[in-house]
There are 2 protein chains.
Amino acid sequence: MTINLRDRRRLQTAREIQLAALRLSLRHGYACVTTDSIASEAGISTRTFFNYYPNKQAAVLGMPPQLDSCAAEWIVTSTGPLVDDLACLLGRMLEAKEIDREIVRMIEQVWDTTPELMAVFRNSMDNIALTLGGLLHTRLGPDRQPEAMLIAELATHALSHAVRHWAADDAMSVSDIPPMIARQMRQVGHLLV
Amino acid sequence: MTINLRDRRRLQTAREIQLAALRLSLRHGYACVTTDSIASEAGISTRTFFNYYPNKQAAVLGMPPQLDSCAAEWIVTSTGPLVDDLACLLGRMLEAKEIDREIVRMIEQVWDTTPELMAVFRNSMDNIALTLGGLLHTRLGPDRQPEAMLIAELATHALSHAVRHWAADDAMSVSDIPPMIARQMRQVGHLLV
DNA sequence: AGCAAATATTGCATAGTCCGCAAAATCATG
DNA sequence: CATGATTTTGCGGACTATGCAATATTTGCT
């Protein structure tokens, strides 16, 4: 059990650092928070801070969700409606991440005063879109590469919006997110044709 | 003519700094280029560098295109097909920017080794999408806000892809970009419904 | 329990980014 | 050419981030 215990501790520390970063950012504003102050608030040395996160921004945002391309391959050969498949795929990704509503809310508040953080977050979404775009490219056929990428990017935007909605509405559960993604993508489709 | 002459000089210097940043990044890799070296290559002091660009990334990317929300208001009341209006609007924005094919190519090459720059660029696209989303929100009606934002974001992605295509293909002219945007957005629409 | 290997934390030194301030240089205009 | 406005520049300083080596902690094993 050596690996599990160490990893759990590691995860716990990473989370504490993120919470420290968020607390301080909400209190003093992201720009006024130093890596020193975050480390101090989290009870670690400044040097250790950088063992957990590559930079200050990453500490505030925490580990970004990742799309495991192996666990997502089914979407290439699925015959169901595209939008439903996409919604389902992204929904599963969210479940794997065990997203925390309170943290999402705090992140959003920091965003409002720090566009730079929005950019970093969007970058992690783009990484997902890149993987997803590759899969869709295979599914749709070799002459549909641009469309595959556009749809992948659209899907990650729909995901972001749905998550934001979920964070703002206590009555909404994580399982409500995929249907919401599918619905909005369909509406977009109708408006575009 | 005092103002005009000063501004022209300012624009010229900004461009020289960008070219210096691009040259050095292509030669040594973005990560190995310092603001000192860029300033030196551009023939200015390090301090002056930061009078022109807020940071190293901005120097490589140059002035981002901007969507003048006043000059774009017509899209709120236009009755033409949505995708064509969007394509036209973004096309006009491009014309205003007088985009340079060679510079776009250089930027793309630097991107390939520096995902961080991609994020910054995408951020400028998101600013455009934000403005555009507001306009579309008005056009589509108050109950269509999420769709308005999604379409705005999709449009900026389509623009990016089209510009990349244009940069790679000498036979393509800037005026070919709007039709390309419209076509791809329509295809996406069909795939989504 | 106790030892040895693996892993994590920390301090220190260092390169680099970026900003505020004030002096010096440059420029536009009468 | 004098003068006020603008720009450039140097300098100092706060902060980010990384490599390296020493120290501390944890783990597996006897």
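In what follows, chains carry the letters A, B, and so on, assigned in the order in which the sequence lines appear, proteins first and then strands, with residues in each chain numbered from 1. Worth saying up front: this structure is predicted, and the values here are computed from it rather than measured. Values reported hereafter were calculated over all heavy atoms of this structure, with side chains retained and with hydrogens, waters and symmetry mates removed.
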(message) Is it true that B/Q57 and B/E116 share a donor-acceptor pair across their side chains at a distance under 3.5 Å?
(response) yes
(request) Write down the distance between CG (B/D36) and P (D/dT9), rounded to a whole number of angstrom. (result) 13 Å
(request) Give the rounded distance in Å between these two atoms: CZ of B/R6 and P of C/dA28. (result) 6 Å
(message) Nearest whole Å is fine: how far is C/dC19 P from B/K56 NZ?
(response) 14 Å
(request) Give A/N51 one of three labels, base, sugar-phosphate or nothing, depending on what nucleic acid heavy atoms sit under 4.0 Å from its own. (result) base
(request) Kindly write out the residues that satisfy side chain to side chain donor-acceptor pair (under 3.5 Å) with A/S78, not counting sequence neighbours, or none if the list is empty. (result) A/D85
(message) With nearest nucleotide decided by heavy atoms, which residue, A/C32 or A/T46, maps closer to the 5′ end of DNA chain D?
(response) A/C32
(request) Could you tell me whether a side-chain N or O of B/S37 sits under 3.5 Å from a main-chain N or O of B/V33, the two making a donor and an acceptor? (result) no
(message) Can you measure B/R47 atom CZ to D/dG10 atom C1' for me and round it to whole angstrom units?
(response) 10 Å
(message) In whole Å, I'd like the distance from the CG atom of B/D7 to the C1' atom of D/dT6.
(response) 12 Å
(message) Applying a 4.0 Å non-hydrogen cut-off, can you work out what A/Y53 is touching in the nucleic acid: base, sugar-phosphate, or nothing?
(response) nothing
(message) Between B/Q57 and B/R9, which residue's closest nucleotide on DNA chain C lies nearer the 5′ terminus?
(response) B/Q57
(message) So does A/R9 get a backbone contact from the side chain of A/T13, meaning a donor-acceptor N/O pair under 3.5 Å?
(response) yes
(message) Regarding B/T48, tell me which of base, sugar-phosphate or nothing describes its non-hydrogen contacts under 4.0 Å with the strands shown.
(response) base
(request) Would you kindly give the CD1-to-P distance between B/I38 and C/dG16, to the nearest whole Å? (result) 12 Å
(message) Is B/S45 close enough to D/dT9 that one of its side-chain N or O atoms is under 4.0 Å from OP1 or OP2 there?
(response) yes
Atom pairs and distances, side-chain donor-acceptor, residues 96-103 of chain B, under 3.5 Å, sequence neighbours left out:
residue, atom, partner, partner atom, Å
B/K97, NZ, B/M63, O, 2.8
B/D100, OD1, B/E102, N, 2.7
B/D100, OD1, B/I103, N, 3.3
B/D100, OD2, B/R15, NH2, 2.9
B/R101, NE, B/W166, O, 3.2
B/R101, NH2, B/W166, O, 3.3
B/R101, NH2, B/D169, O, 3.0
B/R101, NH2, B/M172, O, 2.4
B/E102, OE1, B/R105, NH1, 3.4

(request) Provide, to the nearest angstrom, the distance between the CZ atom belonging to A/R10 and the P atom belonging to D/dT25. (result) 18 Å
(request) Respond yes when some side-chain nitrogen or oxygen of A/T34 is under 4.0 Å from OP1 or OP2 of D/dC15, and no when none is. (result) no
(request) Give the rounded distance in Å between these two atoms: CZ of B/R8 and C1' of C/dC27. (result) 15 Å
(request) Remember a base hit wins even if backbone is also touched, and classify B/F49 as base, sugar-phosphate or nothing at under 4.0 Å, heavy atoms. (result) nothing
